[in-house]
Amino acid sequence: MAFEGLTEKLQQTFKKLKGKGKLSEKDVKEGMREVKLALLEADVNFLVVKDFIKSVTERAVGDEVMESLTPGQQVIKIVKEQLVELMGSVPSRPVFSSSGVTKIMLIGLQGAGKTTAAAKMAKYFEKRNGKSPLLVACDIYRPAAIKQLQVVGEKAGIPVFSMGDKLKPVQIAKAGLAEAKKNGRDVVIIDTAGRLHIDDTLMAELEEIKAKTVPDQVLLVVDSMTGQDAVNVAEAFNNRIGIDGIFLTKLDGDTRGGAAISVKAVTGKPIKFVGTGEKVEDIELFYPDRMASRILGMGDVLTLIEKAEQSFDQEKAAELTRKLKSQQFTLDDFLEQLNQVRNMGPLDQIMGMIPGINKGKMGPMDIDEKELAQVEAIINSMTPEEKNNPSIISGSRRRRIAAGSGTRIQQVNRLLKQFEQTRKLMRQFAEMGKGTKKGRPGFPFI
Amino acid sequence: MQEERHSGLIPRFMEGLRKSREDIKKKVDLLLSLGNKPEPEMLEELEEVLITADVGVGTSLEIIGVLNERIKQDKGIVGERVREELKSIIREMLDGEGVKNILEGRPSVILVVGVNGVGKTTSIGKLAALYKRKGKRVLIAAADTFRAAAIEQLEVWGQRAGVELIKHSEGSDPAAVVFDALSAARARNADIVICDTAGRLHNKKNLMEELKKIQRIINREAEGRIRETYLVLDATTGQNALAQAKMFKEITDITGIILTKLDGTAKGGIVLAIKNELDIPVKYIGLGEGMEDLQPFDGKAFADAFLG
C-alpha cells in the first residue's frame, strides 16, 4: 500500500526496457533517472537516493542478463534486491529478554503515533507471544496524554501504570518497572512524550530514562509520511539516545513511505513493526522483501495469505469445503464467507496486496464497504428457505427482498448472479484443493 | 494582526527556522561562492537544495526553470543576486490572501482538519488564545469524538486560553457536536467558533464522508458568515502532504493551511508545491508547544528564512 506511486513509476520505466535484446549502459542510465525521480517523490532522502542509484547502476551495467529474464526484468531484479538489502534483508521478529522481563522504550517526535504504537505492541505480544505486558505512561507534558494511554490500554485490555503528571518521567518509569515485577508482568512498554530531536532538555530527559531503566530495546517511532527530514530526526535520536529499532506508523495511508528506506539507511537499525490502521490490532511485523516486492508491483501475496490465515476460522473453512463438495453452499455461507473476508481488514488494504492490482489506477476510494453492507442487508432480508435454495427466488420475492433491504431490485439480481458464479467457482476450487492443505476457500470478492 | 507582525514576530519566526536556515544557507553560500562554476551545474545543485527541503521534484524544477529564465534575461544576476532572485520567486509563489478579519460577520466559524498527529488540537488551543487576546468571545467545539482523550486534551487547552468548550461524550456523532456548538454560539453571541475534528488519513472514504457532513452543516448553519476551513500540515511531512491537501480540498472548502512543527529541522517546503499546484495559501505557522507559538504566515519572512 505504501509504495504504489513508486510501483507505477518503475513499471512504466521498465516497460520501455522490456523487449530490447540487450541491456546497454544507456538503458540502465535512463531507467535509473526515473528510479531516482520516483524515489525522491517517494520521500527517500536525497543522499540515500544518490547512493542507491550508484550501487544499482554499478551492479546493473556490469551484470550479465540471465537467460531466463528480459533485460528489463533483470534490472527490476537488481533494483528489488538492492531495496531489500537497504531495508534490512531479514524480516523482523519480536525478541524477548532472557531475564524474564523485556523492557521496551518508545521515543519519537510529537504526533508520530507513540501512544497508539505502545498499545498495539502490547496487544500483539499478549496475543501472539502469550506475554503479560504493562504500559507505563511517561508523557507528563501533552495535555491528556496519560488519559489517552489509559483509554487505549483499557480498549486493548492491557493494564496501564501511571502516576499523574507531577512526577518526573524517570521516576514514573522506574516505579513502572517495580510495579511490573510485583505483578508478574513480563513486558514493560514505556511511552514517552513526543519531543523535537533538537530540544536539548527533553533529549537529556530521555537519556536519563534510558540510563535508569536500562531498556532491552529503544524503538524510534517514525511517521511513514515523513519527508527529507527523516534522516535528521533518526540520526539525532540514534546518536544521542541510541536506538535498537524503528516502529513505522500510518502505513495505511497512501504515502509512498520512502522514510522507511531513509531511516534504515542512516541508522542501520531494523524496522521492527509497522502500524497499518487506527485499531489496536492494526500492527504487522516488517518484511523487507515484501515491502520491496510491493515497491516493484509484485504485490504482497505473503501478507495477504498470513492475514487470511489469522482471520479465517479453520473449522468454518472445513465445514464450508464439506458443503461445497456436497453442493450445499447457501447464501448464509456466502454471507459468512463475506464476513470472514471483511475480518481480514479494510478491503482496500487487502486489494493493495494482490499482484497486478494497481491501486493508484483504481483511485484511493474505489472499494466501497457500503456496498458490502448492502449485500449483507439483502441476504438478511431473505427467508431461510430462500437462503438455502436461491432458485426459488422469483420476481415477486426479489421485489420483496429489495424493499426489505432498502436496495433496488437490480442489486438483488446482481447479488444472486454473483452468488451463482461464486458457487461455481468454489466448486472448482474445492475440486482442485482435494487432498491439499486445509481446503481454504477462495476469495469470491477479489 | 498588522501591529503584531511588527512587534518582534519576525525575529521569533527567524529563530524558529534557524536550524533549517543554517543548513540551507551553508549550501547556498557555498554554491554562490563558486562564481566560476558552470551555470547548469549550479542550477542543478540549487534544485537539490529545494528537493532536500521537501519542495518536491516538480515544483523544484519549475522554480529553477523560472530562475534560469531570469538569469538569461538579466546578465546581472550573479552571486548573491541569485539568492535574492530565488527568494523573490519563492515569495511570489507563496503570495496569497492573509487571514480574514473576523469581525465582518458573527459568529464566524473555523473548521480545522488534517491527518493524524499533525497538531490540530494544539493549533486550535493556540488559535483560541490568539482570538481571545484580541478580545473576541471564542467557543471551541470538541468534535474529535474518536481519539482517546482528545476531548480532555482540548479541555485543557480551552482552560489555558480561557474560552468556552462544547462537547459530547467520546464516540458520539461529531456533526452533532458541531451543530450544537453553532447553536450555542448564536445563543451566547460568540464571535467565533473553532471546530476540532478527529485526525483522519485522507484515503479513508468513510471518515472523509463524515467530514463532508460536518462541512455541510457549517455551510448551512453559518450561511453568509465568514467560514474558514484550515488544513493542518506537519512541516515534517514529505510529498504525501500534497495528496492530503488535494483530498481534503475535494471534500471540504479548504481556505488555508496551518503549517505546524516548524521549530524542528524540517523546512516545510511542501507548502510551495501545494500553493503552486492547488493554490492553497498558508495562513499560520506553528513554532512550538507554547500558547503563543502560532504566528500569522509571512511569505517574505518564510522565503528569507528558507534560503538564509
Side-chain angles (χ1 to χ4, degrees), chain A residues 1 5 37 40-43 45-47 109-113 115-116 119 141-155 194 196-199 223-230 232-233 236 249-250 252-259 277-278 346 348 364-370, chain B residues 19-20 23 48 51-54 56-58 60 115-119 121-122 125 146-157 159-160 170 198-209 234-241 243-244 247 260-261 263-270 288-289:
Chain A
M1 289 146 270
L37 282 179
L40 284 175
E41 276 179 32
D43 289 322
N45 181 265
F46 189 74
L47 296 173
L109 296 179
Q110 291 96 337
T115 304
T116 308
Y141 303 105
R142 185 165 62 87
I146 296 171
K147 176 80 198 240
Q148 185 187 351
L149 189 65
Q150 283 167 340
V151 174
V152 292
E154 195 181 316
K155 276 184 193 153
L196 283 173
H197 50 296
I198 50 170
D199 186 328
D223 185 330
S224 60
M225 294 180 275
T226 311
Q228 297 287 321
D229 202 39
N232 301 329
V233 174
T249 63
K250 307 180 203 173
D252 49 327
D254 59 0
T255 177
R256 297 168 193 179
E278 302 216 29
D348 56 342
M365 292 181 170
D366 279 353
I367 302 149
D368 196 348
E369 297 264 345
K370 227 184 237 168
Chain B
K19 291 271 170 187
S20 335
D23 279 8
E48 287 175 8
I51 288 172
T52 335
D54 286 320
V57 177
S60 296
V115 302
N116 317 64
V118 289
T121 307
T122 308
F146 180 79
R147 184 168 60 86
I151 300 171
E152 285 87 343
Q153 187 185 349
L154 195 62
E155 270 179 325
V156 173
W157 276 106
Q159 281 156 17
R160 282 183 192 169
E170 199 178 305
R200 65 201 74 219
L201 290 170
H202 49 288
N203 60 342
K204 304 269 164 110
K205 188 171 183 175
N206 294 346
L207 294 176
M208 292 304 271
E209 284 299 317
D234 181 335
T236 323
T237 307
Q239 301 308 300
N240 192 249
Q244 293 171 22
M247 207 54 94
T260 62
K261 309 186 197 178
D263 48 334
T265 49
K267 284 107 184 156
I270 191 64
E289 290 185 286

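Note that the structure is a prediction, hence the values are computed from the model and not measured.
Of all non-hydrogen atoms in B/K204 and A/G277, the two that sit nearest each other are NZ-CA, 4.5 Å. In plain terms, the two heavy atoms of A/M225 and B/V115 that are nearest each other are CE-CG2, 4.0 Å. Taking all atoms of both residues into account, the shortest heavy-atom contact from B/N116 to A/K250 is O-NZ, 2.8 Å. A/D229 and B/A266 get closest at one heavy-atom pair: OD2-N, 3.2 Å. In terms of heavy-atom proximity, B/K267 sits nearest to A/N232 at NZ-ND2, 4.4 Å. Heavy atoms only, all atoms of each residue included: A/G253 and B/N203 are closest at C-ND2, 3.3 Å.
For the atom pair CD (A/Q228) and OG1 (B/T265), the distance works out to 12.0 Å, reported to the nearest 0.5 Å. With rounding to the nearest 0.5 angstrom, the CG atom of A/L40 is 9.0 Å from the CD atom of B/Q239. Taken to the nearest 0.5 Å, the CG atom of A/D43 stands 11.5 Å off from the CD1 atom of B/I51. Rounded to the nearest 0.5 Å, atoms OG1 (B/T52) and CG (A/L47) are 7.0 Å apart. If you take CZ on B/R200 and CD on A/E278, they are separated by 9.0 Å, rounding to the nearest 0.5 Å.
Between B/T236 and A/D223, every side-chain heavy-atom pair lies at or beyond the 4.5 Å cut-off.
In the displayed structure, B/E209 atom CD is contacted under 6.0 Å by more than 12 heavy atoms of other residues, nucleotides or ligands. Heavy atoms from other residues, nucleotides or ligands lying under 6.0 Å from CD of B/E289 number 12 at most.
Note on B/G125, B/G58, B/G238, B/G269: by heavy-atom pairs under 4.5 Å with chain A, the leading option is B/G238.
Only the side chain of A/L109 comes within contact range of chain B, with heavy atoms under 4.5 Å apart.
Partners of B/A148 according to the side chain to side chain contact (heavy atoms under 4.5 Å, CB included) rule, which considers only residues two or more places apart in sequence or in another chain, are A/Q148, A/V151, A/V152, B/E170. With sequence neighbours left out, the salt bridge (charged side-chain N to carboxylate O under 4.0 Å, His left out) criterion links B/D234 to B/K261.
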